[in-house]
Amino acid sequence: MEFGLFIMPSHPPERNLRAGHEWDLQMIRWADEYGLLEVWTGEHHTEVWEPNPAPEVMMAQAILITKNIRIGSGAFLLPYYHPVALAHKIAFLDHISGGRINVGVAPGALPMDMEMFGSNSQQNREQFDEDLMVLRRMLETTGPFDHRGKYYSASRAAFEKGDLHGPHLRPLQDPRPPIAMAGGPGAVSKSLTICGEQGFLPISLNIAAPHLKNNWRDIQNGAKKANRVAKRSDWRIVREVFVANTDEEAWEHSVNGMMGRMYTDYFLPHMHSLIGSDGKALAEYFNPDPTVPLEQVTTEYCARRNWIIGSPDTVVRKIEELYEDLGGFGCLEVLGLDYAEDSEAWRRSLELLGTVVKPRLGHLTA
């Protein structure tokens with residue numbers, strides 16, 4: 001069992017951009033210090049509570065202040081990049097990190113982002129497919145190619161060692177850094193199906209456990225289509241996690257702290273307002289009990305049913321229960337939140353997770 005940090009990023013509207021960015025970097029320092037495997041940082045353009053349009057900036061700075069943790073985008077929104085430019089950024093980051101880069105990719109799902117870029121969901125999906133194809137060709141191959149597609153044109157000339165001019169940038173990791181995609185709410189996750197097909201790292205977002213089982217089904221179905229075998233050790237699960245000395249202390253810092261405020265002021269209202277392709281409000285997927293009316297899916301309800309909060313003993317038990325319920329997974333991604341005004345409690349939570357909880361879960365081998 002490994003642990004990671006999933007930074008949306010999440011900051012309250014009153015936090016200025018520099019202060020929020022510096023807090024995220026501090027979380028990454030602690031995650032590295034306490035032995036977490038990886039960190040992912042998101043990209044959003046029109047969400048007030050998720051202000052980071054440039055994950056590569058945080059990735060580059062995180063590389064310089066850490067030693068061991070893997071640094072990933074969570075995710076680059078491919079329709080808003082030219083694949084050749086992004087491939088070169090990824091290759092450069094991979095080298096300066098010493099091969100510690102993960103690459104999360106996504107088509108981008110926020111309606112206001114699409115409107116600002118003059119796109120729509122169908123176009124984003126089409127662009128994503130074409131962009132990913134060219135991006136992989138740039139990262140995984142060395143020979144010349146020429147691509148003339150619907151949305152992108154790209155070419156690479158032959159390049160020999162010793163040439164002074166030409167396409168020389170290649171990733172340090174062979175054949176490329178690991179690629180990941182996140183998925184979650186919805187009857188079927190297209191992103192996680194692609195992970196199964198392509199052998200990417202699948203990341204399930206912080207939905208209730210019964211719906212996570214559907215995520216694993218989608219990963220397996222994708223793998224079967226490509227004659228692959230899906231590995232549970234590759235599967236990442238995002239969860240709200242807070243560890244404290246006692247259950248009562250953990251509840252106070254989480255439900256009555258920034259975790260609770262983020263849910264109440266932003267996340268749950270946002271999920272209630274979004275409707276999936278199956279016609280359900282996305283908030284439905286945070287409810288583990290279909291007999292409970294949607295209006296009862298509150299912050300406190302989610303904290304009791306979905307969050308992993310409590311003393312080390314309680315957190316170990318809850319992780320073991322989730323692991324057993326799902327049939328196993330490889331990495332639990334802690335949702336990184338803005339505890340700048342309660343920083344010692346958050347630091348202590350990461351410390352307890354890495355030094356007390358993790359050693360007690362070595363028997364969970366996926």
Task: Distance (rounded to the nearest 0.5 Å) between Glu2 CD and Leu361 CG - done: 11.0 Å
Task: Pairs involving residues 95-134, ordered by first then second residue, that meet ring-ring contact (aromatic ring centres under 6.0 Å, His included) (sequence neighbours left out) - done: His45-Phe117, Tyr80-Phe117
Open item on the list: For Asp218 and Thr193, which I'm curious about, is there any donor-acceptor pair between the side chains at under 3.5 Å?
Closed with: no
- [ ] Step through it carefully: locate the ring centre of Tyr152, locate the ring centre of His147, and say whether they are under 6.0 Å apart.
- [x] no
Open item on the list: Under a 3.5 Å threshold, yes or no: a donor from one side chain and an acceptor from the other, between Ser10 and Asp338?
Closed with: no
Task: Electrostatic pair Lys318-Glu321, nearest N-O below 4.0 angstrom - done: no
Task: Side-chain donor-acceptor contact under 3.5 Å, Tyr151 with Gln123 - done: no
Task: Ser254 side-chain N/O to Ala250 backbone N/O, donor-acceptor pair under 3.5 Å - done: yes
- [ ] Specify whether Tyr81 and Phe76 have parallel, tilted or perpendicular ring planes, treating 30° as the upper limit for parallel and 60° as the lower limit for perpendicular.
- [x] perpendicular
Open item on the list: According to a hydrophobic-cluster definition based on side-chain heavy atoms being under 4.5 Å apart (Ile, Leu, Val, Met, Phe, Trp, Tyr only), do Met262 and Met259 belong together?
Closed with: yes
Task: Check: Asn68 main-chain N/O paired with Asp32 side-chain donor or acceptor under 3.5 Å - done: yes
Task: Results of salt bridge (charged side-chain N to carboxylate O under 4.0 Å, His left out) for Asp146 - residues two or more places apart only - done: Arg148
TODO: Would you verify whether the NZ or CZ of Arg232 falls within 45 degrees of the ring axis of Trp216 while also being under 6.0 Å from that six-membered ring's centre?
DONE: yes
Open item on the list: Taking the basic N atoms (NZ, or NE/NH1/NH2) and the acidic carboxylate oxygens, is any pair closer than 4.0 Å for Arg15 and Glu341?
Closed with: yes
Task: Contacts of His88 that satisfy ring-ring contact (aromatic ring centres under 6.0 Å, His included) - sequence neighbours left out - done: none
Task: Heavy-atom pair with the smallest gap, counting every atom of Val297 and Cys302 - done: CG1-SG, 3.9 Å
TODO: Supply the atom-to-atom distance Ile237 CD1 to Ile203 CD1, rounded to the nearest 0.5 angstrom.
DONE: 10.0 Å
Task: Exam field: side chain Glu43 to backbone Leu77, donor-acceptor pair closer than 3.5 Å - done: yes
Open item on the list: Evaluate Ser189 against Asn215 for side chain to side chain donor-acceptor pair (under 3.5 Å), listing each step before the verdict.
Closed with: CA-CA 7 Å; Ser189 171; Asn215 281 182; 5.1 Å; no
Open item on the list: Membership question, hydrophobic clusters at under 4.5 Å side-chain separation (ILVMFWY): are Leu132 and Phe145 in the same one?
Closed with: no
Task: Salt bridge Glu38-Arg236, side-chain N to carboxylate O under 4.0 Å - done: yes
- [ ] Identify the residue among His270, Glu240, Glu300 that makes a side-chain hydrogen bond (donor to acceptor under 3.5 Å, both in side chains) with Tyr263.
- [x] Glu240
Open item on the list: Hydrophobic clustering (ILVMFWY, side-chain heavy atoms < 4.5 Å, transitive) - are Val238 and Leu274 grouped together?
Closed with: yes
Open item on the list: Less than 6.0 angstrom separating the ring centers of Phe3 and Tyr34, yes or no?
Closed with: no
Open item on the list: If hydrophobic clusters are built by linking Ile, Leu, Val, Met, Phe, Trp and Tyr wherever their side-chain heavy atoms come under 4.5 Å apart, do Leu93 and Leu172 end up in the same one?
Closed with: no
- [ ] Output the distance between atom CZ (Phe6) and atom CG (Leu332), rounded to the nearest 0.5 Å.
- [x] 12.5 Å
Task: side-chain hydrogen bond (donor to acceptor under 3.5 Å, both in side chains) contacts in which one or both residues fall within residues 327-336, not counting sequence neighbours - done: Trp40-Glu333
Open item on the list: Distance alone, cut at 3.5 Å: any donor-acceptor contact between the side chains of Asn256 and Glu252?
Closed with: yes
Task: Glu351 and Arg347 ion-paired at < 4.0 Å - done: yes
Open item on the list: Under 3.5 Å, is there a donor on one side chain and an acceptor on the other for Thr246 and Ser311?
Closed with: no
Task: Between Asn52 and His44, a side-chain donor and acceptor under 3.5 Å - done: no
Open item on the list: Please check this pair: side chain of Arg170 against backbone of Leu139, looking for a donor-acceptor N/O pair closer than 3.5 Å.
Closed with: yes
Open item on the list: Please determine whether a side-chain nitrogen of the Lys or Arg among Arg360 and Asp313 lies less than 4.0 Å from a carboxylate oxygen of the Asp or Glu.
Closed with: yes
Open item on the list: Less than 6.0 angstrom separating the ring centers of Phe267 and Trp49, yes or no?
Closed with: no
Open item on the list: Between Lys358 (side chain only) and Gly35 (backbone N and O only), is there a donor and an acceptor less than 3.5 Å apart?
Closed with: yes
Open item on the list: Any side-chain to backbone donor/acceptor pair from Arg125 onto Pro107? Under 3.5 Å, distance only.
Closed with: no
Open item on the list: What I want to find out is whether Lys213 reaches Asp325 closely enough, with some N-O distance under 4.0 Å, to be called a salt bridge.
Closed with: yes
Task: Closest approach of Arg228 to Gly196 (non-hydrogen atoms, all atoms of both residues) - done: CD-O, 3.3 Å
Open item on the list: Is a donor from one side chain sitting under 3.5 angstrom from an acceptor on the other, for Asn287 and Tyr301?
Closed with: yes
TODO: In plain terms, say whether Arg18 and Glu22 are close enough for a salt bridge, that is, a side-chain N and a carboxylate O under 4.0 Å apart.
DONE: yes
- [ ] Look only at the side chain of Tyr266 and the backbone of Val48, and say whether a donor-acceptor pair between them is shorter than 3.5 Å.
- [x] no
Open item on the list: Does either side chain, that of His11 or that of Asp24, offer a donor lying less than 3.5 Å from an acceptor on the other one?
Closed with: yes
Open item on the list: Counting only heavy atoms from other residues, nucleotides and ligands, does the tally under 6.0 Å from CD of Glu324 exceed 12?
Closed with: no
TODO: Using a strict cut-off of less than 4.0 Å between a Lys/Arg side-chain nitrogen and an Asp/Glu carboxylate oxygen, indicate whether Glu320 and Arg317 qualify as a salt bridge.
DONE: no
TODO: Please report the shortest heavy-atom distance between Ser97 and Asp94, naming the atom on each side.
DONE: OG-O, 2.9 Å
TODO: Please lay out, stage by stage, how Glu14 and Arg261 fare under the test salt bridge (charged side-chain N to carboxylate O under 4.0 Å, His left out).
DONE: CA-CA 13 Å; Glu14 70 271 13; Arg261 182 187 164 194; 2.8 Å; yes
Task: Pairing residues for Glu126 by the salt bridge (charged side-chain N to carboxylate O under 4.0 Å, His left out) criterion, not counting sequence neighbours - done: Lys150
Open item on the list: Do Ile7 and Trp23 sit in one hydrophobic cluster, given that two such residues count as connected whenever their side-chain heavy atoms are within less than 4.5 Å of each other, even indirectly?
Closed with: yes
Task: Under 3.5 Å donor-acceptor, Thr264 side chain and Gly260 backbone - done: yes
Task: Interatomic distance, Thr298 atom OG1 to Leu268 atom CG [nearest 0.5 angstrom] - done: 7.5 Å
Task: Polar side-chain atom of Arg239 near backbone of Ile207 as donor-acceptor pair, under 3.5 Å - done: yes
Task: Pairs satisfying side-chain hydrogen bond (donor to acceptor under 3.5 Å, both in side chains), at least one member in residues 160-169, at least two apart - done: none
Task: Test item: side-chain donor near acceptor, Thr141 and Arg156, under 3.5 Å - done: yes
Task: Donor-acceptor contact present, side-chain Arg305 to main-chain Pro288, <3.5 Å - done: no
Open item on the list: Measuring from atom CG of Leu78 to atom NE2 of His82, what distance do you get when rounded to the nearest 0.5 angstrom?
Closed with: 12.5 Å
- [ ] Drop me the distance from His21's NE2 to Gln61's CD, to the nearest 0.5 angstrom.
- [x] 3.5 Å
